[in-house]
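One structure is given here, and the rest of the page talks about it.
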Amino acid sequence: MMLFSGSSSKSPWPSTILLFLFILNIALVSSTKTTSSTSKIGQGYSLISIEEAPNGGLIGHLHLNKKTNIYGPDIPHLQLFVKHETEDRLRVHITDAEKQRWEVPYDLLPREKPPKSALHKSVAGKTGEIPFSTTSDQKSLNGGSGELVFSYVSNPFSFKVKRKSNGETLFDSSSENSDPFSNLVFKDQYIEISTKLPKDASLYGLGENTQPHGIKLHPNDPYTIYTADQSAINLNMDLYGSHPVYMDLRNVGGQVTSHGVLLLNSNGMDVIYRGNSLTYKIIGGVLDFYFFAGGASPLSVVDQYTQLVGRPAPMPYWALGFHQCRWGYKNVSVTEAVVENYRKAKIPLDVIWNDDDHMDAAKDFTLDPINFPRPKLLSFLEKVHSRGMKYIVLTDPGIGVNESYGVFKRAMEDDVFIKYEGEPFLAQVWPGPVYFPDFLNPKTVSWWTDEIRRFRELVPIDGLWIDMNEPSNFCSGKCKIVKNRPCPGDPGWECCLDCTNITTTRWDDPPYKINVSGVHAALGFKTIATSATHYNGVLEYDAHSLYGFSHTIATHKAFMALEEKRPFILTRSTFVGSGHYAAHWTGDNKGTWENLKYSISTMLNFGIFGVPMVGSDICGFYPAPTEELCNRWIELGAFYPFSRDHANFYSPSQELYVWDSVAKSARNALGMRYKLLPYLYTLNYEAHISGAPIARPVFFTFPNFTESYGLSTQFLLGSSVMVSPVLRKKATKVKALFPPGTWYNLFDMTQTVIGRGQYATLDAPLHVINVHVYQNTILPMQQGGLTSKEARRTPFSLVVTFPSGASKGDAKGKLYLDDDELPEMKLGNGYSTYIDFYATVYEKTVKVWSDVQEGKYALQKGWTIEKVTVLGLDGIGESLAVDIDGMPVSDMSSAEFSASDLYHLEKLEGDTKKKGMMVEVKGLELPLGKKFSMSWKMGI
């Protein structure tokens, strides 16, 4: 078992760095022992005054009770700012009262700035409670109906956040003598605060990491938050993204509540979750807590969270198709052959990608003149685009140090690089020696926009893949180029610069060592030195985990400035709010059954983080997957929101057509995905307007179903489509947990499961994945195709699900369609249509109807509904009546009924029993853009 996996996203993770880290860990162990001890640090602070703030909140001042020297001197005076920003969101902000401290820049993540107030000396009472509904200005803001109540104890200072409706405590920072954590500690490079938790609370979030125990946070697992180029194969380790947010789900006596807690801080931190408490240990910045009241549905937490950090970016329709990539498509002909082989195998494909193979010596925004000559590439892309397909390439942030390289020369002229001791910080990535652009500098954004413009004039790319932006560095410390030494060398990920460690500053060697890379590695190990500086003197120490976020924002700004078209950006490193600009893939994974399983939890976590467009490398990035594993992975990966096959240079080909058996599984699973594209695109719209994840845990729809709280082997697409993949080698059956109700198999709708809150054993031969739709649903579908463009041209169908054998019931669904090239995804622009679908069965009458908003766009496209399938009825149909826009349709001679019996899985061992019917009405021509109503009587 490897202690540490190397930092190159494309290396086979050499073990030579293990010795270095082992020695480093020994050197650090003496200074990190206190992190695991139960000794407390200091005696906290006293609240000495509190008053109303000019912007409607409250400002208090805290005074240190007793000095300590552990992890450096304390900050003696703190300012507390509390404000109920909305009815459902409470902010608690604590910082130095006398000196400005680093915070996440307000231009990167827009929000209200806390006011500053003069330090008061008067003493407040010992306790107090602030419900935010007592003052007139708060009443006008919240109508006196805010759900969160802030209360405090003055000495030692602590605070609670409670739910007004039931008095439930959501956060409690007090420390008793028996607690294994301190009262508030606030030093320049060490901040500690804790909260007590009920033992039965279920927590989710705190990433990015690969969680072997599943989506639910596991007591005593390490949760370190600091962006690092660590591959997804590493368990319980800080990976590519920084998301210091968690959701807390509670069920007390059948009453379900959920809430969220965000600590908006970009500095590195350890979060210690003990089951009954949670402690933050942060190495800088401020305490900037946001509490989200949530409610009975976990969706409300994500809604409130993304209202603050930014709604997820709208995705173009084609982005929901299938993507194929590989590091190693060495020339245009090889890339073109991949596209043609997909077509020959009749496997859907929307987007073909190139890793850095297209570049000239791995330099951004260049073409290899030998292997990717521009005329040949343009000819290939003309064919790709004529089919409605798209092309995306990779860039890394490191810019090759090369005086003959135009991108580098223009960057030097504009002075856009991160500095160390006044000079650009020298690092190494794939081109060899590189400098890193400083995306906190406005000039850098302009320069980056211009470089993207220049490259798009060279090559008509349809999106951009930004990789290695944690940022990754193949070297550590202060480096210089060695004359007459080839760089990059062989292999390209080994450091070929002359480097010395930087340990002379408190930024490179802070007093408290967070658990970087699971081994307390130095903060600057294989990245930018943390004493390097950004624009306006900002330290890398503070801004490190924002690098990928600022890179993403700059890339998004560039695309929006260059073309009035909806951008597609894929980023590896993420931060709070990244989903507002980009999609994410989970990085370098391994072609193993374990990694197949882990991909579900990571995907679901990113939905909670507000990054719904997410997926893992299908079949694994490295090494070679087995044929059976690749079968099962495409069956699962076909239902990732972002569905892409990607592999390492050193792995053999694993495109879906390589094995006949995998091709068959791909046609089956991706065939269903392409039929579901209207549903997935509607989920994309819902994500954009409310933050709702596309892929979500089962408990999001069934919050009272406690058995699903830790379920990490199944998931929902939207509210009602459940995916139950095979995750074990040689398995031909799968045990799936079904919440109460009727579930219909989407591949064979006559096969149903009556969920009773227990596991059922389902058949799952090699080419089969179980996908079920829940009762009371109306699912819009099309007929599929080899591209999303093809699929969009086909007629629609509706699948209506009632409880099995229902004589009475209702169902509903929705559909959003638009011109997906428009930058914004919204109604009211003349290029979009939104439809609500409804259905009822009552007194032997079935009725299905629609309510259309802005039907013009759908009418222009000529979309029609040709079939309606109704599941769960207890009789067939007759006497069809149809209205369109309130006018009866007299001639329905082309419509015809058909019916099939439903078969129910009644027992775990697989006995079947008929109950209910599937009724289909075919031959319809209902204009999608007009309101319709259809009804019929059920016969015997």
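Remember, predicted model here, so these are calculated numbers, not experimental data.
Counting heavy atoms from C-beta on, the side chains of Arg632 and Leu727 never come closer than 4.5 Å. In this structure, the side chains of Phe802 and Leu873 come closer than 4.5 Å at one or more pairs of heavy atoms. Side-chain contact between Trp327 and Leu394 is absent, with no heavy atoms from C-beta onward closer than 4.5 Å. With a 4.5 Å cut-off on side-chain heavy atoms, Leu902 and Tyr744 count as touching. Annotation: side chain of Thr210 is not in contact with side chain of Ile233 (no heavy-atom distance under 4.5 Å). Side-chain contact check for Pro739 versus Thr701: every heavy-atom pair is 4.5 Å or farther apart. In this structure, Tyr816 and Pro678 have side chains that are not in contact, with every pair of non-hydrogen atoms separated by 4.5 Å or more. Under the 4.5 Å side-chain criterion, counting only non-hydrogen atoms from C-beta, Trp585 is not in contact with Phe606.
Pairing each heavy atom of Ala638 with each of Leu670, the nearest pair is CB-CD2, 3.8 Å. Nearest heavy-atom pair across Phe639 and Leu717 is O-CD2, 3.5 Å. The two residues Thr742 and Pro803 come nearest to each other via the heavy atoms OG1-CA, 3.7 Å. Taking every heavy atom of both residues into account, Gly610 and Thr306 meet most closely at CA-CG2, 3.9 Å. Annotation for Pro312 and Gly691: closest pair CD-CA, 3.8 Å, computed over non-hydrogen atoms. Contact detail for Phe715 and Leu604: the closest heavy-atom pair is CB-CD2, 3.8 Å.
Using modelled atom types, one finds a donor on one side chain and an acceptor on the other under 3.5 Å when comparing Asn595 with Thr592. Remark: the Tyr329 side chain and the Gln324 side chain contain an N/O donor-acceptor pair separated by less than 3.5 Å. Judged purely by distance below 3.5 Å, without hydrogens or angles, the side chains of Tyr903 and Asn745 never pair a donor atom with an acceptor atom. Counting only N and O atoms by type, the side chains of Tyr317 and Asn684 include no donor and acceptor under 3.5 Å apart. Side-chain atoms of Ser599 and Tyr640 form a donor-acceptor pair, as typed in the model, at a separation below 3.5 Å. With 3.5 Å as the limit, one finds no donor-acceptor pair spanning the side chains of Thr574 and Glu208.
The pair Glu340-Arg387 meets the salt-bridge criterion, with a side-chain N (NZ, NE, NH1 or NH2) lying under 4.0 Å from an Asp/Glu carboxylate O. A salt bridge is defined here as a Lys NZ or Arg NE, NH1 or NH2 lying under 4.0 Å from an Asp or Glu carboxylate O, and Lys729 with Glu628 fails to meet this definition.
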Open item on the list: For a side chain to side chain donor-acceptor pair (under 3.5 Å) check, start with the C-alpha distance between His904 and Ser804, then their side-chain angles and the critical distance, and finish with the verdict.
Closed with: CA-CA 9 Å; His904 291 205; Ser804 181; 2.8 Å; yes
TODO: Might you work through the side chain to side chain donor-acceptor pair (under 3.5 Å) test for Lys216 and Ser202, ending with a clear yes or no?
DONE: CA-CA 7 Å; Lys216 189 174 172 181; Ser202 297; 3.3 Å; yes
TODO: Please step through side chain to side chain contact (heavy atoms under 4.5 Å, CB included) for the pair Met722 and Val698, ending with a clear verdict.
DONE: CA-CA 8 Å; Met722 186 165 70; Val698 171; 4.1 Å; yes
- [ ] Would you please test Leu677 and Tyr681 for side chain to side chain contact (heavy atoms under 4.5 Å, CB included) and show each step?
- [x] CA-CA 6 Å; Leu677 283 176; Tyr681 194 66; 5.9 Å; no
- [ ] Please report the C-alpha distance between Tyr240 and Thr571 in whole Å, then the side-chain angles of each, then the deciding distance to 0.1 Å, and finally whether the side chain to side chain contact (heavy atoms under 4.5 Å, CB included) criterion is met.
- [x] CA-CA 10 Å; Tyr240 310 110; Thr571 180; over 6 Å; no
TODO: Could you please spell out the steps behind the side chain to side chain contact (heavy atoms under 4.5 Å, CB included) verdict for Trp353 and Leu570?
DONE: CA-CA 12 Å; Trp353 297 59; Leu570 183 72; 3.6 Å; yes
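Here the side chain of Asn589 pairs a donor or acceptor atom with the backbone of Asp617 at under 3.5 angstrom. Of the possible donor and acceptor atoms, none in the side chain of Gln775 sits under 3.5 Å from a partner among the backbone N and O of Gly741. Glu920 places no side-chain N or O within donor-acceptor distance of the main-chain N or O of Ser898, the cut-off being under 3.5 Å. In this structure a side-chain-to-backbone donor-acceptor pair under 3.5 Å is missing from Thr777 to Leu779. Not one N or O on the side chain of Arg644 forms a donor-acceptor pair closer than 3.5 Å with the backbone of Val351. Under the 3.5 Å distance criterion, the side-chain polar atoms of Ser712 are matched with a main-chain donor or acceptor of Ile215. Side-chain atoms of Asp355 do not come within 3.5 Å of backbone N or O of Asp357 as any donor-acceptor pair. In terms of modelled atom types and a separation under 3.5 Å, the side chain of Thr761 and the main chain of Lys735 share no donor-acceptor contact. A donor-acceptor pair is defined here as one N or O able to donate and one able to accept, closer than 3.5 Å; no such pair exists between the side chain of Trp318 and the backbone of Thr787. At least one donor-acceptor pair under 3.5 Å links the side chain of Asn770 to the backbone N or O of Asp763.
The aromatic rings of Phe702 and Trp743 sit tilted, their planes meeting at an angle between 30° and 60°.
Atoms CG and CZ, on Leu596 and Arg728 in that order, are 12.0 Å from each other to the nearest 0.5 Å. Note that NZ of Lys789 is 11.5 Å distant from CZ of Arg792, once rounded to the nearest 0.5 Å.
A distance of 6.0 Å or more separates the ring centres of His323 and Trp465. Residues His772 and Phe738 place their aromatic rings such that the two centres sit under 6.0 Å apart.
Put simply, the residue from Tyr709, Phe699, Phe700, Phe609 that forms a ring-ring contact (aromatic ring centres under 6.0 Å, His included) with Tyr204 is Phe699.
The side-chain hydrogen bond (donor to acceptor under 3.5 Å, both in side chains) test applied to Asp462 returns His385, not counting sequence neighbours.
A cation-pi arrangement, defined by a distance under 6.0 Å to the six-membered ring centre and an angle within 45 degrees of its axis, is absent between Arg673 and Phe322.
Pairs of residues two or more places apart, or lying in two chains, never qualify as disulfide bond (SG atoms under 2.5 Å apart) while including a residue from residues 635-715.
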